[in-house]
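The structure appears right after this line, and notes come after that.
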Amino acid sequence: MKRWLVGLLVLALLAMAPSWAQQSRMDLVKSRGKLICGVNAVLPGFGFLDQKTGKYTGFDVEFCRAVAAAIFGDPDKVDYVPLDARVRFQAVQNGEVDVAFRNTTVTANRDGALGVDFLPVTFYDGQGVMVRKGRANSLRELEGATFCTTQGTTNEKNISDYIRAKRWRNTKLLTFEDGAKVMAAFLQGRCDAFTADKSQLVGFRATAPNPEELVILKETISKEPLAGFVRENDSRWRDALTWIVYATIQAEEYGITSKNLDSFLKSDVPEIRRFLGLEGTLGQDLGLPKDFTVRVIRAVGNYGEIYDRFFGAKSPFYIPRTGTLNALQRFGGLMYSPPFR
């Protein structure tokens, strides 16, 4: 009887062994020597492929670069994979990409049912509506209108819920596979209103032939916290990327920028020295180089620098940060890093 029980135990342990031995994405990325990052290719401000240069640029793209800098010391060790909204989760699930930074809203259903784990929020947004000047001054004037939005997004679900809750009749919804196609349909007059995250509307309006003829209404109809995501149940990979994102926020909290970084490397303040990897084992504990935060700041700057590059006052996609949820916590926003200790 004892031998029989021992045999069953051995078989059970052998059956479980593959799950124990499952390789972390961290190991695969390191051995490959580059990061494969899923992004948007048609959203100005967040992720956009410049057809003239062949390079990707945008707020989300900078977080791909931050990860590559942290792991390899080189922000350019990234292969970008353009993903539309309908396939972004499958691309992470099936391992086509290591991580996706693609203007994606964190929701309970996505976190629980789609086989992904979310990273910290990098941008707090909300859904709005854009119309031609003179078409409407508020959302309530759009009963009976035709709305355009992107397939497979929270925007599609939110506007459908809004129309249903308001019991609007004869109100139509047209969906397209990406924001660029939505914008084209809107400009062609196929719909009366373009509904998306307000940051997206700002980006598309800025690139329109006559942006002064387009108006983003004041109403916000949803919460849209945007974050990167990885395949679920790989805590080693998720933890590393989580703290890479937090490093950009913590650097801004400390006042460390890409320009003054070298002066902070001479600091004798314990928490600064620990954060920059001058002492302690934080990087090692996360499977990262001890100076991973230094690499990130040197390559892409702190969170405020990233934000200003793409949404600051000198950007064509200007989105004021002061007084919004994207401000640091001490200025009334929600951007806040847990302690690096």
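Here the structure is a predicted model, which is why all the values come from computation and not from measurement. Quick note: residue numbers are just sequence positions, from 1. Every heavy atom of this structure was used, including side-chain atoms; hydrogens, water molecules and symmetry mates were not.
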Cationic N near anionic O, under 4.0 Å, [X] to [Y]:
{"X": "K198", "Y": "D125", "answer": "no"}
{"X": "D74", "Y": "K34", "answer": "no"}
{"X": "E305", "Y": "R298", "answer": "no"}
{"X": "D27", "Y": "K30", "answer": "no"}

| request: Please examine the side chains of L139 and Y162, heavy atoms only from C-beta on, and report whether any two atoms are closer than 4.5 Å. | output: yes

| So, do T175 and T150 sit near enough that their side-chain heavy atoms are less than 4.5 Å apart? | no

Would you say the side-chain atoms of [X] and [Y] include a donor-acceptor pair closer than 3.5 Å?
{"X": "N260", "Y": "T257", "answer": "yes"}
{"X": "E224", "Y": "N158", "answer": "yes"}
{"X": "N155", "Y": "T149", "answer": "no"}
{"X": "Q127", "Y": "D197", "answer": "no"}
{"X": "S138", "Y": "K218", "answer": "no"}
{"X": "S315", "Y": "R309", "answer": "no"}
{"X": "D285", "Y": "T281", "answer": "yes"}

Applying a strict under-4.5 Å side-chain criterion to I, L, V, M, F, W and Y, I'd like to know whether [X] and [Y] cluster together.
{"X": "F340", "Y": "L261", "result": "yes"}
{"X": "Y124", "Y": "L43", "result": "yes"}
{"X": "F72", "Y": "W237", "result": "yes"}
{"X": "F317", "Y": "V182", "result": "yes"}
{"X": "F48", "Y": "V97", "result": "no"}

| query | Do F46 and V39 pass the side chain to side chain contact (heavy atoms under 4.5 Å, CB included) test, and can you show the C-alpha distance, the side-chain angles, and the key distance before you say yes or no? | reply | CA-CA 9 Å; F46 277 92; V39 295; over 6 Å; no

| Would D50 and K55 satisfy salt bridge (charged side-chain N to carboxylate O under 4.0 Å, His left out), going step by step from the backbone distance to the final call? | CA-CA 6 Å; D50 188 325; K55 294 184 178 181; over 6 Å; no

| Can you list the steps and then say if F63 with T248 is a side chain to side chain contact (heavy atoms under 4.5 Å, CB included)? | CA-CA 9 Å; F63 287 96; T248 67; 3.9 Å; yes

| request: Kindly determine whether Y303 and I249 satisfy side chain to side chain contact (heavy atoms under 4.5 Å, CB included), including the steps that lead there. | output: CA-CA 5 Å; Y303 179 86; I249 300 171; 4.2 Å; yes

| Shortest non-hydrogen contact from V129 to V131? | CG1-CG1, 4.1 Å

| Around R190, counting heavy atoms of other residues, nucleotides and ligands shown, do more than 12 lie under 6.0 Å from its CZ? | no

| said: Could you check whether R321 makes a cation-pi contact with Y307, meaning its NZ or CZ is under 6.0 Å from the centre of the six-membered ring and within 45° of the ring axis? | reply: yes

| request: Please test R341 against R274 for side chain to side chain contact (heavy atoms under 4.5 Å, CB included), starting from the C-alpha separation and ending with a verdict. | output: CA-CA 7 Å; R341 63 175 310 115; R274 187 165 52 243; 2.9 Å; yes

